[in-house]
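Single-structure report; data block below.
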Amino acid sequence: MFFSDPPASACYGYGSLPSDYSFAAAAPSIYSNGAACGRYYCVKCTSNGCRNSNVIRVKILDLCPGCPGAFDLSQQAFARIANPDAGVINIDYYQ
């Protein structure tokens with residue numbers, strides 16, 4: 001899992017960005033041909049680089065076809081659970 005902050009696009013029409021910018025792009029297995037658009041997932045960092053044991057809630061607003069894990073978090077979401085210098089972290093997640 002790693003972060004970037006591109007404008008959301010694959011889920012066009014699923015509302016605006018969350019006010020705290022906690023959004024994510026989903027890997028194809030989660031994105032499920034757009035079925036995940038607008039859904040919220042709870043995400044917790046479980047590896048080195050974690051800031052705390054907090055669980056954050058992210059809204060799926062895009063597809064990440066090249067994601068090696070489950071999600072590509074916005075910079076703001078990533079920074080809430082991990083040190084941005086970590087770049088890639090392990091997570092637990094649920095809907």
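Numbering of residues begins at 1 and proceeds along the displayed sequence. Given the structure is predicted, the values throughout are model-derived calculations rather than measurements.
Minimum heavy-atom separation, Cys67 to Asp72: SG-CB, 3.6 Å. Closest approach of Ala25 and Cys64 over heavy atoms only: CB-CB, 3.7 Å.
Applying the side-chain contact (heavy atoms from CB on, under 4.5 Å) rule to Ala86 yields the partners Ile89; only residues at least two apart in sequence or on another chain are considered.
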Determine all donor-acceptor pairs shorter than 3.5 Å in which one atom belongs to a side chain in residues 49-61; sequence neighbours excluded.
| residue | atom | partner | partner atom | Å |
| --- | --- | --- | --- | --- |
| Arg51 | NE | Ala79 | O | 2.7 |
| Arg51 | NE | Ala82 | O | 3.2 |
| Asn52 | OD1 | Asn54 | N | 2.9 |
| Asn52 | ND2 | Arg80 | O | 3.4 |
| Lys59 | NZ | Tyr14 | O | 3.0 |

Pair up each side-chain donor or acceptor in residues 33-45 with any protein partner under 3.5 Å, not counting sequence neighbours, and list the distances.
| residue | atom | partner | partner atom | Å |
| --- | --- | --- | --- | --- |
| Arg39 | NE | Ala35 | O | 3.3 |
| Arg39 | NH2 | Ala35 | O | 3.4 |

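Between the side chain of Ser74 and the backbone N or O of Ala24, no donor-acceptor pair lies under 3.5 Å.
With Phe71 as reference, Tyr93 is the one residue of Tyr31, Tyr93, Phe23 to meet the ring-ring contact (aromatic ring centres under 6.0 Å, His included) rule.
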